[in-house]
Amino acid sequence: MFTCRVHFTVRLLGLLGLLLAAGLGLWTGSVGGPHRWHNRTGETEFNKDSVPLTRSAGIPSPSRRQPLPDTLPALARQAIAYYFATGQVLPPPEEIPPHWRRSAGVFVTVSTEGRPRGCWGSLDPSGEDLVRATIRAAVGAVTRDWRYVPLQPGELESASIQVAIVRRVVPIASAGRSPFAAVEQVDPTRMGLFVRSGTRGAVLLPGEALTTEWQLATAKRLAGIPVDQPVELFRVEAELLHEF
């Protein structure tokens, strides 16, 4: 199962008609949970000491500008390689292809041998184009997700990378119904789920669950939300992009 860490800014909450106390950002969960509120200002400053900056085969020289890849997963790989080589976030190209100029929330998942090594992203478009959002999420996946052993430079070549582009985050009406009844409209194989209660929340991306019951129970558990505590529910629609 892959679960992603998220930064969730006030802009998206405003669009959904929600209020969030100033100074909070979403890392699905609270202190002590696998998913956590973070990125308090909505702007991420990557910790350059969180990943060993050793060179490895396939890591580009920082002095050589790499061409822009044809796919977002390939761009995520390039961004991670650049970070490993330089300790810096990959500068976006001067010219963004038209099909990548739109703004959307993006998640990047990195795995090795079918097991997650990091997943990070945002439900909020934040006004960024897909190139910048992918670069940001890719570096976050290898520096921000403390749940897993950090990916090492020598493992990048054999790692698998997935990019999820968030299309919509839709509130699920749950008045007068149990949470399990409310999420019956969510097909977990095609839709993700975002649950929130106060400052705690969690996101499962499409395909991370096979049943709605498991999806809801797992999201609440990862967020540290008690089983019997009411939650706000949102359906997450996303496009999943794979390298191969």
Less than 4.5 Å apart, any side-chain heavy atom of [X] and any of [Y]?
{"X": "Tyr148", "Y": "Val110", "value": "no"}
{"X": "Val89", "Y": "Tyr82", "value": "no"}
{"X": "Arg168", "Y": "Arg235", "value": "yes"}
{"X": "Leu75", "Y": "Leu90", "value": "yes"}
{"X": "Asp145", "Y": "Trp120", "value": "no"}
{"X": "Val106", "Y": "Arg136", "value": "no"}
{"X": "Val231", "Y": "Ile225", "value": "yes"}

So, does [X] use its side chain to make a donor-acceptor pair with the main chain of [Y] at under 3.5 Å?
{"X": "Gln152", "Y": "Pro150", "result": "yes"}
{"X": "Arg101", "Y": "Asp129", "result": "no"}
{"X": "Ser160", "Y": "Thr112", "result": "no"}
{"X": "Arg200", "Y": "Gly224", "result": "yes"}

Separation between [atom1] of [X] and [atom2] of [Y], rounded to the nearest 0.5 Å:
{"X": "Thr134", "Y": "Glu128", "atom1": "OG1", "atom2": "CD", "result": "9.5 Å"}
{"X": "Lys220", "Y": "Leu233", "atom1": "NZ", "atom2": "CG", "result": "8.5 Å"}
{"X": "Leu210", "Y": "Asp187", "atom1": "CG", "atom2": "CG", "result": "10.0 Å"}
{"X": "Glu208", "Y": "Thr109", "atom1": "CD", "atom2": "OG1", "result": "7.0 Å"}
{"X": "His99", "Y": "Leu130", "atom1": "NE2", "atom2": "CG", "result": "9.0 Å"}
{"X": "Ile172", "Y": "Leu193", "atom1": "CD1", "atom2": "CG", "result": "5.5 Å"}

Can you hop from Leu240 to Trp100 via hydrophobic side chains spaced under 4.5 Å?
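Unlinked, Leu240 and Trp100 end up in two clusters.
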Steps toward side chain to side chain contact (heavy atoms under 4.5 Å, CB included) verdict (Val186, Gln215):
CA-CA 10 Å; Val186 177; Gln215 187 182 45; 3.5 Å; yes
Quick one, Leu204 with Trp214, criterion side chain to side chain contact (heavy atoms under 4.5 Å, CB included). Give me CA distance, side-chain angles, the key distance, then yes/no.
CA-CA 11 Å; Leu204 268 71; Trp214 189 91; 3.9 Å; yes
As a quick check of understanding, evaluate side chain to side chain contact (heavy atoms under 4.5 Å, CB included) for Leu156 and Arg77, giving each step before the final call.
CA-CA 8 Å; Leu156 179 58; Arg77 180 179 293 277; 3.9 Å; yes
Would you check if there is a donor-acceptor pair between the side chains of Gln229 and Ser197 at a distance under 3.5 Å?
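Side-chain D/A pair, Ser197 to Gln229: present.
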Which atoms form the tightest heavy-atom contact between [X] and [Y], and what is the distance?
{"X": "Ala173", "Y": "Ala182", "value": "O-CB, 4.0 Å"}
{"X": "Gly192", "Y": "Pro206", "value": "N-CG, 3.5 Å"}
{"X": "Ala219", "Y": "Val195", "value": "CB-CG2, 3.7 Å"}
{"X": "Val131", "Y": "Pro93", "value": "CG1-CD, 3.8 Å"}
{"X": "Ala74", "Y": "Pro69", "value": "CB-CB, 3.5 Å"}
{"X": "Ile80", "Y": "Ala138", "value": "CG1-O, 3.6 Å"}

Check against side chain to side chain contact (heavy atoms under 4.5 Å, CB included), Ile165 and Arg102:
CA-CA 11 Å; Ile165 302 174; Arg102 64 188 175 94; 4.0 Å; yes
